[in-house]
Number of protein chains: 2
Amino acid sequence: MLVSSVPLPTLRRLPRYYQYLARLRNAGQDQVSAAHMAEVLGVHHTQVRKDLAMAGCQGRPKTGHKVAELIATIEGFLHWDSQSDAFLVGVGSLGTALLNYPGFDKAGARIVAAFDQDINKAGRKIGETLVLSMDKFTSLAERMHIAVGILTVPAEAAQATADLMVGSGIRAIWNFAPVALDLPKGIIVENLELFTSLALLLRRLSDSGSAAPES
Amino acid sequence: MLVSSVPLPTLRRLPRYYQYLARLRNAGQDQVSAAHMAEVLGVHHTQVRKDLAMAGCQGRPKTGHKVAELIATIEGFLHWDSQSDAFLVGVGSLGTALLNYPGFDKAGARIVAAFDQDINKAGRKIGETLVLSMDKFTSLAERMHIAVGILTVPAEAAQATADLMVGSGIRAIWNFAPVALDLPKGIIVENLELFTSLALLLRRLSDSGSAAPES
DNA sequence: TAGATTGTTAATCGATTAACAATC
DNA sequence: TAGATTGTTAATCGATTAACAATC
């Protein structure tokens, strides 16, 4: 209950396995060995075995794993076989992109409503999702027992919006704003750090040889 | 040259330090101690000192670090004081969001042109950036010595587009498609994994108590 | 059976934390 | 000087890799 005990790196690798397995399934392959997955994904084969074991997957000596079985098990382990309802706040271009993004339902989340400060946006529909005005946020979140908030507002508004979410019963925030949110203990925050990701790319590029960035 | 020797976790934390320091600067504070940053950011104080040392920051006993100096040093270390030119391919809603996203120039990249399969999009301007047709990609990338490609096409088109990028001299790809790209050795790929991030959030939520996702 | 593959236990490696010396 | 803070060296911890036993 308190500690997950699943190593974070394992948790990060499982979606990659899943995605590759889905490709195998689409290609009609129904058996796969840990060694093969390791080879393709650039992970040590023992690592793959340990990760799969963590997720509760079991294979058979000699034949390996059944692709369909692996997919189902990982899906269950990541809770991708059911969906948590989520509210999104901030229908700017990033929020809009997420509302149009395909596949969240397959990754365990369903955006059931979106909200924006700008009342002109209220009433619009983006993708399948209706945009509502902010003043409906708390009552709706409470009534629908929403646990997940997606935060795509500008950096300046992020903290206040996060506070509103927490005040409305939300317990997990997926934060796209480049701000370290200050929230009560027990609230789960996952920061999607665009700039960090870009920094990693650029540093590896400049480390990898002649490649100093241009002035 | 070959190996960066900067631990990846350190590289991931530096942008967080930077962002917090920028806030301090804006608030007019000009000195800060490693212990204080550690406290606020939830990192061990020794960790902060090591990370800062890695980036080449130096403080003074008793007084701590100068905020402005830290910012300048980290900026330089992450190459955020200069920009690499980048081409973006895939002007869907995610690509559009990135083109509108503020602050990439401050994070070391400048999107100088965007490209899309759909010729109807050619000629449009999104934010400051002109959208061009795909057939101009290779010649322009070569002529401008573009090293960085941003990949925001649908999953199905990702591999082919990445191949085109590599064939046009691009050496680093920031990949937003949920696909493991298969590319020649030496090409740097940084995957921005939306689904992985979401999976982490949902798993922590369901680990943290009564909170099984709703059916 | 022999061989391939799983799954586990032990060894290694690297990052984090602790202890402490240096210094303004 | 005394005390706060830096920066470094040593100890711990956890994840990765290696070795090997189990099994279809």
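Everything numeric here is computed off the predicted structure, so don't read it as measured data. Naming: A, B, ... by sequence-line order, numbering from 1 per chain.
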Shortest non-hydrogen contact from A:Leu151 toward A:Ala162: CD2-CB, 4.1 Å
For [N], take OP1 and OP2 only and decide whether either is under 4.0 Å from a side-chain N or O of [X].
| X | N | result |
| --- | --- | --- |
| B:Gln47 | C:dT17 | yes |
| B:Arg60 | D:dT6 | no |
| A:His44 | D:dA18 | yes |
| A:Arg49 | D:dT16 | no |
| A:His65 | C:dG7 | yes |

Mind calculating the distance between [atom1] ([X]) and [atom2] ([N]) to the nearest angstrom?
| X | N | atom1 | atom2 | answer |
| --- | --- | --- | --- | --- |
| B:Leu52 | C:dT16 | CG | P | 14 Å |
| B:Arg12 | C:dA15 | CZ | P | 12 Å |
| A:Leu11 | D:dT16 | CG | C1' | 17 Å |
| A:Lys66 | D:dC24 | NZ | P | 14 Å |
| A:Asp51 | C:dG7 | CG | C1' | 13 Å |
| A:Lys62 | D:dA22 | NZ | P | 19 Å |
| B:Gln31 | D:dT6 | CD | P | 10 Å |

From the options [options], select the nucleotide whose nearest atom is closest to the side chain of [X].
| X | options | value |
| --- | --- | --- |
| A:Ala34 | C:dT6, D:dT8, D:dA4 | C:dT6 |
| A:Gln58 | C:dG7, C:dT6, D:dT6 | C:dG7 |
| B:Pro61 | D:dA4, D:dA15, D:dT23 | D:dA4 |

Aromatic ring pairing A:Tyr18/A:Trp80, orientation class (parallel under 30°, perpendicular over 60°, tilted between): perpendicular
Parallel, tilted or perpendicular: ring planes of B:Tyr20 versus B:His36, cut at 30 and 60 degrees: tilted
Nearest-nucleotide 5' precedence on DNA chain D, B:Ser33 against A:His45: B:Ser33
Approximate separation, where rounding is to 0.5 Å, of B:Thr138 OG1 and B:Phe115 CZ: 9.0 Å
Side-chain-base donor-acceptor pair under 3.5 Å for A:Lys50 and D:dT17: yes
C:dA10 - base-pair partner by Watson-Crick or wobble geometry, distances under 3.5 Å: D:dT17
Counter-base of D:dA22, judged by Watson-Crick or G-U geometry with both distances under 3.5 Å: C:dT5
Identified side-chain contact (heavy atoms from CB on, under 4.5 Å) partner of A:Ile111 from the options A:Leu88, A:Ile126, A:Val148: A:Leu88
Residue whose closest nucleotide on DNA chain C lies nearer the 5' end, A:Thr46 versus B:Thr10: A:Thr46
